[in-house]
Amino acid sequence: MTIAAVIGLGTMGAGIAAVLARGGLTVRACDTAPAAVERARGELPAIAGLLDRLGTPARGDATAVAFAGSLEEAVAGADLVLENVPEKLELKQQVFRQIDAAVGTDCIIASDTSGIPITKLQAVVSRPERVVGMHWSNPPHLIPMIEVVAGRQTGTATRDWMVALIRGLGLLPVVVKKDVPGFVENRVLYAIMREALDLVEEGVIEPEDLDTCVSWGIGYKLAIVGPMKLLDMAGLDIYQSVASYLNPELSRRADVSGAIAERIGRGRLGLKSGAGLFDYAPGELQSLRAERANRFVAVRKALTED
Ligand SMILES: NC(=O)c1ccc[n+]([C@@H]2O[C@H](COP(=O)([O-])OP(=O)(O)OC[C@H]3O[C@@H](n4cnc5c(N)ncnc54)[C@H](O)[C@@H]3O)[C@@H](O)[C@H]2O)c1
Ligand SMILES: Cc1ncc(C=O)c(C(=O)O)c1O
C-alpha cells in the first residue's frame, strides 16, 4: 500500500487528499493551522460524494484521510510527500528541508507549487533526484489534469513514477518538458488573467461581461478543441492576419494589477475571505461552491462520455 502525506490543507488540500485516498493510497495530512485541519475534515464527505458521481476508479475511501499532529508524524514511512503550503519560495524550502530530514531515502517529495521552478525546491534536499512537481488544478478533485514537472536534477524514474501514479488514479498527467516558471497551465492562464484584468481596468468591459465573454466564447470552445487544434480549425492564415496587428497590442505588463494589490490590502482575498473582486452574501458561498461542483461534474461527464 502506497503511503502519501499531504502537507498543507488549504484551498487545495482536502481535494488532493481525498483523490489520493480514493485511489487506494494510505493518506495522512497535516497543517499548522488547526482550523484548516477541521475545515478539511469537514469537506471530505462532500468531496467523496462528487467523486462517486464522477465515477472515478474507487480503490479506497475518499474520506479515509488521517490528520497528523505534526509534519514528522504525517511523513513517517511515506512513499510520497506532497508539499502544499503557500506559494512562497522560502517557506516551501523550509518545509522541504523539514520533509527531507524526516523521510526515508526512497520517498518521493513532490510540490503542488503553481509555478516555482522545481529546481529551486530540490536544491535544498539531500536527494534532489527524488523531487518532482505535481501541479494540481483547482478544484483538485474535479480537474483531472495534473502537470508533472521535472527539475534539473529530477530522476527519470521519479518522473515516470509520478506519471504512472496519476494515470493509476484515473487522471491525466501532462509532462512539462522544461522547468520554466509557471510551467504551462499557469503561463497560459496568467496571460489570460493579465489581459482580462487590463481590459476591465481600462474600462473596455465590465467584470461580469468579461467572464461571460471568456467562459462562453473561449472556455467552452477550448474544453472541446485545444488551442493548437483551434489554430487548424480557424485557419492558420486567419491567425497570421489577426496576430500581425493584435500581438503588438496585447498587455505586456510585468507588474501585478493594482486592483489586485488594493483588494488584498483590504483583506479581500476572494472566496477564502468572503469577498474579493466580487462580494458574496454570507450564505452564498456554500451554494455557489455546490452549483459550480455540479456543473464541473456535468461538463466532465459530457466531455468524457463516448
Ligand atoms: N489555490 C489554487 O487555485 C491553487 C491551484 C493549484 C496549486 N496551488 C498551489 O498549491 C499550494 C497551496 O495552495 P492553496 O491555495 O491550497 O494555499 P492556502 O494558502 O489556501 O493553504 C495553504 C495551507 O498551508 C498551511 N501551512 C502553512 N505553512 C505550513 C507548514 N509549515 N506546514 C503545514 N501547513 C502549512 C496553511 O495553514 C494553509 O492552510 C501553493 O503552492 C499554490 O500556489 C494553488
Ligand atoms: C488564479 C490561479 N492561480 C493558480 C492556479 C493553479 O496553480 C489556479 C487554478 O488552479 O485554477 C488559479 O485559478
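Each ligand, and each atom within it, is numbered from 1 in the order the structure gives. Numbers here simply count residues along the sequence, with the first being 1.
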Does D112 come within less than 4.0 Å of ligand 2, judged by its heavy atoms?
no

Measure the distances from the heavy atoms of Q98 to every atom of ligand 1 and state whether one is below 4.0 angstrom.
no

Within less than 4.0 angstrom of ligand 1, does D31 place any heavy atom?
yes

Atoms of ligand 2 under 4.0 Å from any heavy atom of L189, numbered from 1 in the order shown, are 2 (C), 8 (C), 12 (C), 13 (O)

For S114, counting its heavy atoms only, list the atoms of ligand 2 lying under 4.0 Å from any of them.
4 (C), 6 (C), 7 (O)

Among protein heavy atoms, which sits nearest to [atom], and what does the distance come to when rounded to 0.1 Å?
| atom | result |
| --- | --- |
| atom 6 (C) of ligand 1 | W136 O, 3.1 Å |
| atom 22 (C) of ligand 1 | P86 CD, 3.6 Å |
| atom 4 (C) of ligand 2 | Y190 OH, 3.5 Å |
| atom 42 (C) of ligand 1 | S114 OG, 3.5 Å |
| atom 15 (O) of ligand 1 | T11 CB, 3.4 Å |
| atom 16 (O) of ligand 1 | M12 N, 3.0 Å |
| atom 34 (N) of ligand 1 | T32 N, 3.5 Å |
| atom 9 (C) of ligand 1 | D112 O, 3.2 Å |
| atom 21 (O) of ligand 1 | G10 CA, 3.2 Å |

Hydrophobic clustering (ILVMFWY, side-chain heavy atoms < 4.5 Å, transitive) - are [Y] and [X] grouped together?
| X | Y | result |
| --- | --- | --- |
| V85 | I99 | yes |
| L91 | V124 | yes |
| V174 | I118 | no |
| I166 | I47 | yes |

Which segment of V95 sits under 4.0 Å of ligand 1 when only heavy atoms are counted
side chain

Looking at [X], which atoms of ligand 1 are within less than 4.0 Å of one of its heavy atoms?
| X | result |
| --- | --- |
| A33 | 37 (O) |
| K272 | 19 (O), 20 (O) |
| K92 | 40 (C), 41 (O) |
| T113 | 41 (O) |

When you look for heavy atoms under 4.0 Å from ligand 2, do you find them on the side chain of N186, its backbone, both, or neither?
side chain

Is there a donor in the side chain of E83 and an acceptor in the side chain of S111, or the other way round, less than 3.5 Å apart?
yes

Ignoring hydrogens and geometry beyond distance, is a side-chain donor-acceptor pair present between T119 and Q153 at under 3.5 Å?
no

Is there at least one pair of N or O atoms, one from W136 and one from ligand 2, spaced under 3.5 Å apart?
no

Is the shortest N/O to N/O distance between E87 and ligand 1 below 3.5 Å?
yes

Would you check the N or O atoms of G13, main chain and side chain alike, for any that come under 3.5 Å of an N or O of ligand 1?
no

Could you report the tightest heavy-atom contact between [X] and [Y], atom names first, then the distance?
| X | Y | answer |
| --- | --- | --- |
| L9 | R39 | O-NH2, 3.9 Å |
| I143 | N138 | CG1-O, 3.7 Å |
| W161 | T2 | CZ2-CG2, 4.3 Å |
| V225 | L230 | CG1-N, 3.5 Å |

Between R28 and E73, does a salt bridge (charged side-chain N to carboxylate O under 4.0 Å, His left out) hold up when you go through it step by step?
CA-CA 9 Å; R28 306 187 199 109; E73 181 187 337; over 6 Å; no

Basic-acidic side-chain contact under 4.0 Å: R266, E262:
yes

Between D52 and R22 (salt bridge meaning N to carboxylate O under 4.0 Å), is one present in this structure?
yes

For atom 6 (C) of ligand 2, which candidate among E185, H135, M193 provides the closest heavy atom?
H135

Quick one: which of T32, V75, N84, L82 gives a side chain to side chain contact (heavy atoms under 4.5 Å, CB included) with I7?
V75

